[in-house]
Amino acid sequence: MQVYYFSRTGRSKKIAEELAVRYHTRAEEITDDAKWQGVVGYLKGCYSAIKKEALPAKYKKVNSQEDLILVFPIWAGTFPPAIKTFLEREGRERVICIPTSGSSKLKDRQGFSKVIDLVGKNIVAPQEV
């Protein structure tokens with residue numbers, strides 16, 4: 001099992017780290033060298049996601065023989081640009097996606113598992129400095 005993540009605030013990173021412990025592996029970061037911090041970064045991220053941009057993504061080589069868990073935030077109802085690039089580049093038939101959102105209105109859990117169901121405890125993002 002491989003665990004990859006993209007995180008703006010640290011919430012997706014924390015979830016990926018918890019999952020990696022559970023599967024006895026490492027959480028590998030996906031980066032795009034963009035500055036997404038703060039309100040301006042948030043707005044730029046939403047705009048990029050809405051435009052369906054695919055930014056260059058950097059990450060450790062994926063092992064095509066292992067299952068893949070991908071943890072990422074929802075931006076404007078879709079993938080962050082680096083995740084779009086990752087998925088296009090990797091072209092996997094099956095990826096276990098764990099989208100995170102601090103503001104989702106999704107209430108119906110049918111067919112979905114909460115992250116807490118998967119990792120067994122409440123996960124709080126680190127405070128921004």
Quiz item: Which side chain to side chain donor-acceptor pair (under 3.5 Å) pairs, counting each pair once, include a residue from residues 72-88, with sequence neighbours left out?
Solution: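 Listed once each, the pairs are Lys84-Glu88.
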Self-check item: Shared hydrophobic cluster, Ile83 / Trp36 (ILVMFWY, side-chain heavy atoms < 4.5 Å)
Solution: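 Linked within one cluster.
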Self-check item: ILVMFWY cluster, Leu87 and Val3 together (side-chain gap under 4.5 Å)
Solution: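 Result: no, two separate clusters.
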Exercise. For Lys51, check salt bridge (Lys or Arg N to Asp or Glu O under 4.0 Å) against everything at least two apart and list the hits.
Key: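 Partners of Lys51 by the salt bridge (Lys or Arg N to Asp or Glu O under 4.0 Å) criterion, ordered by chain and then number, come out as Glu53.
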Practice problem: Evaluate the criterion salt bridge (charged side-chain N to carboxylate O under 4.0 Å, His left out) for residue pair Lys14 and Glu18; output intermediate values, then yes/no. | Solution: CA-CA 6 Å; Lys14 182 68 175 155; Glu18 293 287 337; 3.3 Å; yes
Quiz prompt | Over 12 foreign heavy atoms within 6.0 Å of CZ, Arg26 | solution = no
Self-check item: Approximate separation, where rounding is to 0.5 Å, of Glu29 CD and Glu17 CD
Solution: 9.5 Å
Practice problem: Take Ile69 and Val95 through the side-chain contact (heavy atoms from CB on, under 4.5 Å) test and state the conclusion after the steps. | Solution: CA-CA 6 Å; Ile69 295 175; Val95 176; over 6 Å; no
Practice problem: Using a strict 4.0 Å threshold on nitrogen-to-oxygen distance, state whether Lys58 and Asp32 make a salt bridge. | Solution: no
Quiz item: Tyr59 pairs by ring-ring contact (aromatic ring centres under 6.0 Å, His included) with which of Phe6, Tyr5, Phe86?
Solution: Phe86
Quiz item: Is the side chain of Tyr4 donor-acceptor paired with the backbone N or O of Lys60 at a distance under 3.5 Å, no angle test?
Solution: yes
Exercise. Determine, stepwise, if the pair Ile74 / Thr100 fulfils side-chain contact (heavy atoms from CB on, under 4.5 Å).
Key: CA-CA 6 Å; Ile74 299 292; Thr100 63; over 6 Å; no
